[in-house]
Amino acid sequence: MPHVIQPATTGRAKCRGCGTPIAAGELRFGESVPNPFADGETTHWFHLECGAFKRPEPFLECLGSLAEPLESAEQLSGEAKRGVELKRLPRINGAERATSGRAECRSCRKPIAKGAWRIPLVFYEEGRFSPSGFIHVPCAQGYFETVDIMRRLIRFSPGLSDADRREIEAELKPTAA
Ligand SMILES: [Zn+2]
Ligand SMILES: [Zn+2]
């Protein structure tokens with residue numbers, strides 16, 4: 001069963017990448033994966049952008065196989081290619097304030113202070129995304145090898161306010177301020 005990009009037939013399926021429903025009629029990416037409970041395969045559905053961000057390899061494979069190119073193909077494939085090249089980018093799962101001071105940054109190994117902005121990470125294995133720690137926002141360059149990650153942070157933390165986004169941007173690029 002190949003991967004597919006097709007309109008959602010109902011609004012019931014939730015995106016594996018962000019956990020929110022995919023609207024009926026919206027184009028979605030279906031990754032074909034081995035069925036863990038039976039013979040054969042099953043499909044994991046993603047919003048297009050969530051697929052490009054979190055499952056770049058199968059997403060690119062699918063984009064390349066489409067008979068008619070998508071309108072947004074260039075931007076989506078650009079993001080997916082960055083995720084293949086910079087292997088840690090697909091781990092990004094948004095941005096949030098640390099709820100305690102107990103977590104240690106996976107980049108600098110220092111504690112993340114309570115209330116500080118942090119980037120939650122997920123690790124993909126056997127069809128599932130598992131939480132795998134956090135990094136400080138200013139550690140992004142060292143960890144991801146890029147600070148061009150705002151779209152990913154917003155995608156997976158859509159509740160960030162404009163003020164939150166400005167704070168995070170300032171922490172991503174402290175030297176540009
Ligand atoms: Zn999604
Ligand atoms: Zn750090």
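Because the structure is a prediction, the values reported are computed rather than measured. Counting starts at 1 for both ligands and their atoms, in listed order. What you see below is based on every heavy atom in this structure, not just the backbone, and it leaves out hydrogens, waters and symmetry mates.
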Examine Arg16 relative to Phe129 and say whether NZ or CZ is less than 6.0 Å from the centre of the six-membered ring and inside a 45° cone about the ring axis. no

What is the name of the N/O/S atom of His136 that is nearest to the Zn ion (ligand 2)? ND1

Cluster question for you: counting only ILVMFWY and a side-chain heavy-atom cut-off of under 4.5 Å, with indirect links fine, are Phe134 and Val122 together? no

Is it true that the NZ or CZ of Lys14 lies under 6.0 Å from the centre of Phe46's six-membered ring and within 45 degrees of the ring axis? no

In degrees, rounded to 10 degrees, what angle do Cys18 atom SG and His47 atom ND1 make at the Zn ion (ligand 1)? 100°

Just to the nearest 10 degrees, tell me the angle at the Zn ion (ligand 2) spanned by Cys108 SG and Cys139 SG. 110°

Regarding Arg55 and the six-membered ring of Tyr124, is the cationic atom NZ or CZ under 6.0 Å from the ring centre and inside 45° of its axis? yes

So what does the Cys15 SG - the Zn ion (ligand 1) - Cys50 SG angle come to, to 10°? 110°

